[in-house]
Structures are given as structure tokens and as C-alpha cells.
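For ligands, and for the atoms within them, numbers begin at 1 and follow the listed sequence.
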Amino acid sequence: MAAKIGILGTGMVGRTIGSKLAELGYQVTIGTRDPETTLGKKGPEQRGAPTFGDWHGQHQSIRVGSMSEAAMFGEMIFICTSGAATLEALKLAGPTNFRSKTVIDISNPLDFSRGMPPTLLPQFTNTNSLSEEIQKALPDANVVKSLNIVNCEVMVNAKKTGGDPTMFVAGNAPKAKDEVKTILGQFGWTDIIDLGDITGARGLEMVLPIWLRTWQATQNGYFGFKIVR
Ligand SMILES: NC(=O)c1ccc[n+]([C@@H]2O[C@H](COP(=O)([O-])OP(=O)(O)OC[C@H]3O[C@@H](n4cnc5c(N)ncnc54)[C@H](OP(=O)(O)O)[C@@H]3O)[C@@H](O)[C@H]2O)c1
């Protein structure tokens with residue numbers, strides 16, 4: 001099992017996953033386009049979360065580097081970048097740095113250009129998905145889609161929902177999915193369904209419109225989906 005984790009993305013998801021993994025004893029490097037600028041973000045809170053610089057002050061064991069430094073460092077890599085920019089971030093990270101590694105894709109192909117709520121980027125839906133494009137961009141890596149269907153605090157603490165929600169994995173490599181399931185267990189997920197190969201990511205990404213409407217209707221982001229069977 002990997003001891004070194006690379007995280008691409010310094011938003012709420014990258015930070016929440018990073019701090020939880022560090023707490024669990026993993027070595028973590030988090031990647032951003034410009035480490036100096038990102039670390040320099042201090043002061044008033046953004047969207048209810050501390051700025052990156054303030055957050056990092058509380059999590060100094062986590063290394064901050066470029067996208068390629070984080071990808072190179074990780075034996076396992078989490079993709080936590082803005083969905084519309086994920087393929088661009090992978091180019092910066094350098095596809096050869098992902099060779100033979102398990103890559104957990106949490107990103108969602110959302111289009112915020114027309115305001116809230118966002119819509120799905122059509123090129124990644126129905127007969128395609130962002131995860132499939134990531135797998136094509138990283139042919140030597142083992143991409144697994146998971147965790148994208150819940151709020152980031154629920155990702156690392158399934159029981160925060162007050163119940164035992166279902167989480168899914170989809171990917172081509174069974175061994176990589178087993179590694180992801182181990183991490184999911186450490187995040188409190190006990191009900192996990194394997195949706196098969198990476199095309200299973202289509203459904204997981206298309207769940208987002210339901211997630212967004214549920215959030216709007218309940219004004220509560222701490223929920224999950226349950227497959228009752
Ligand atoms: N927020 C949630 O609870 C949640 C839940 C489920 C899934 N997700 C998904 O998780 C992903 C991360 O979400 P988030 O809210 O943490 O952050 P976000 O604001 O969606 O993304 C932030 C990251 O994207 C990178 N980025 C933006 N434009 C870029 C570009 N042109 N090239 C390269 N990188 C670029 C930023 O890099 P820099 O560090 O260089 O600025 C930053 O690290 C998204 O795909 C989102 O849909 C989020």
C-alpha cells in the first residue's frame with residue numbers, strides 16, 4: 001500500500017483529503033500551479049474556508065509543490081482540480097509521473113460559466129466522462145473514479161451524514177480499486193459498490209445534477225446516497 005500521496009489541487013477537496021491523509025500517517029505533497037503564490041494566500045476566509053496559506057500554517061507536515069512535484073512524489077495520486085481544467089493540470093503534472101500508479105479521480109466536469117447551479121460539460125457526458133479522458137491522457141496509470149458524489153467533509157468522514165451511505169468505485173484495474181477501497185475504509189466508508197470499468201464514471205459524474213438539487217432543496221451538504229438492497 002502506498003505511503004506517499006500526491007494531491008493535485010489546493011481547493012477545499014485537496015486540503016480536506018490532504019489533512020485527513022496526513023492525520024492517518026501518510027506523507028503528502030499537494031500540487032498547485034504556483035506554490036509561492038498559493039502559499040501567499042492569507043487573511044480573510046474564502047467561501048467559509050481558510051485561505052491556503054492560513055490552512056497550511058496549521059498543516060506544516062504537508063509539502064506544497066508544483067503539479068509535477070506532487071505527481072512525482074505520490075505512489076498514489078488524488079486528482080482534486082477544477083473539472084474543466086483537469087486535463088490541463090495533468091499536462092503540467094507530466095503524464096510520465098503517473099506510470100503504473102493508482103490515480104483517484106474526484107473531479108467533476110462542471111461548467112460554472114452560466115452561474116449557479118453549474119451544468120455538466122457536454123463533451124464529458126452520456127457516452128463519455130472526464131475519468132475516461134483522464135485514463136486516455138494517462139494510459140500507463142490506473143484511474144479510479146470515486147468520492148466525487150459527496151461534499152469533501154463527507155468524503156473523509158462518511159458517518160458525518162448521520163448514516164451509512166454508499167460509495168462507488170469505477171476503474172479498469174482491480175488492484176487499483178482494491179487500494180482505493182482500503183483508503184475509503186479509512187475514511188469511514190463501509191458500503192462500497194464496484195461499478196466495473198472506467199466507463200462506470202459516466203453515471204457517477206451524471207449524479208451531480210441530483211446532488212446539486214438536493215443540496216439546494218435541503219440547504220445541507222452533509223448527505224450521501226444509499227443503495228438499499
Ligand atoms: N468542493 C467539494 O466538496 C467537492 C465535492 C465533490 C467533488 N468536487 C470536485 O473536486 C474538484 C476540486 O474542487 P474544489 O472545490 O476543491 O476546487 P476547485 O476550485 O474546483 O479547483 C481548485 C484547483 O483547480 C486548479 N486549477 C484551476 N484552474 C486550473 C488550470 N487552468 N490549470 C490547472 N489547474 C487549475 C487550481 O490550481 P491552483 O492551485 O494552481 O490555483 C486548484 O488547485 C472539482 O473538480 C470539484 O467538482 C468537489
Identify all N/O pairs between ligand 1 and the protein with a separation under 3.5 Å and present them as a table of atom names and distances.
residue  : atom   : partner : partner atom : Å
ligand 1 : 3 (O)  : C152    : N            : 3.0
ligand 1 : 16 (O) : M12     : N            : 3.0
ligand 1 : 16 (O) : V13     : N            : 2.8
ligand 1 : 21 (O) : S82     : N            : 3.1
ligand 1 : 24 (O) : S82     : N            : 3.1
ligand 1 : 31 (N) : R33     : NH1          : 3.4
ligand 1 : 31 (N) : E88     : OE2          : 3.3
ligand 1 : 39 (O) : T10     : OG1          : 2.6
ligand 1 : 39 (O) : T32     : OG1          : 2.6
ligand 1 : 40 (O) : T32     : OG1          : 3.0
ligand 1 : 40 (O) : R33     : N            : 2.8
ligand 1 : 40 (O) : R33     : NE           : 2.8
ligand 1 : 41 (O) : R33     : NH2          : 3.1
ligand 1 : 43 (O) : T10     : N            : 2.7
ligand 1 : 43 (O) : T10     : OG1          : 3.2
ligand 1 : 45 (O) : T81     : O            : 2.7
ligand 1 : 45 (O) : G83     : N            : 3.2
ligand 1 : 45 (O) : N108    : N            : 3.1

*Establish, yes or no, whether the cationic atom of K160 lies under 6.0 Å from the six-membered ring centre of Y222 and within 45° of the ring axis.*
yes
*Taking ILVMFWY side chains as joined if any heavy atoms are under 4.5 angstrom apart, and letting links pass through other members, which residues group with I134?*
L8, M67, I77, I79, L87, L90, L92, F98, V103, L121, F124, L130, L138, V143, I198
*Scan residues 167-194 for pairs that pass ring pair (Phe, Tyr, Trp, His ring centres under 6.0 Å), counting only residues two or more places apart or in two chains.*
none
*Test: D191 and R229 ion pair at under 4.0 Å*: yes
*Just by distance, with hydrogens left out, do N128 and Q123 show a side-chain donor and acceptor under 3.5 Å apart?*
no
_Pairs meeting criterion salt bridge (Lys or Arg N to Asp or Glu O under 4.0 Å) with involvement of residues 79-103, two or more places apart_ = R99-D140
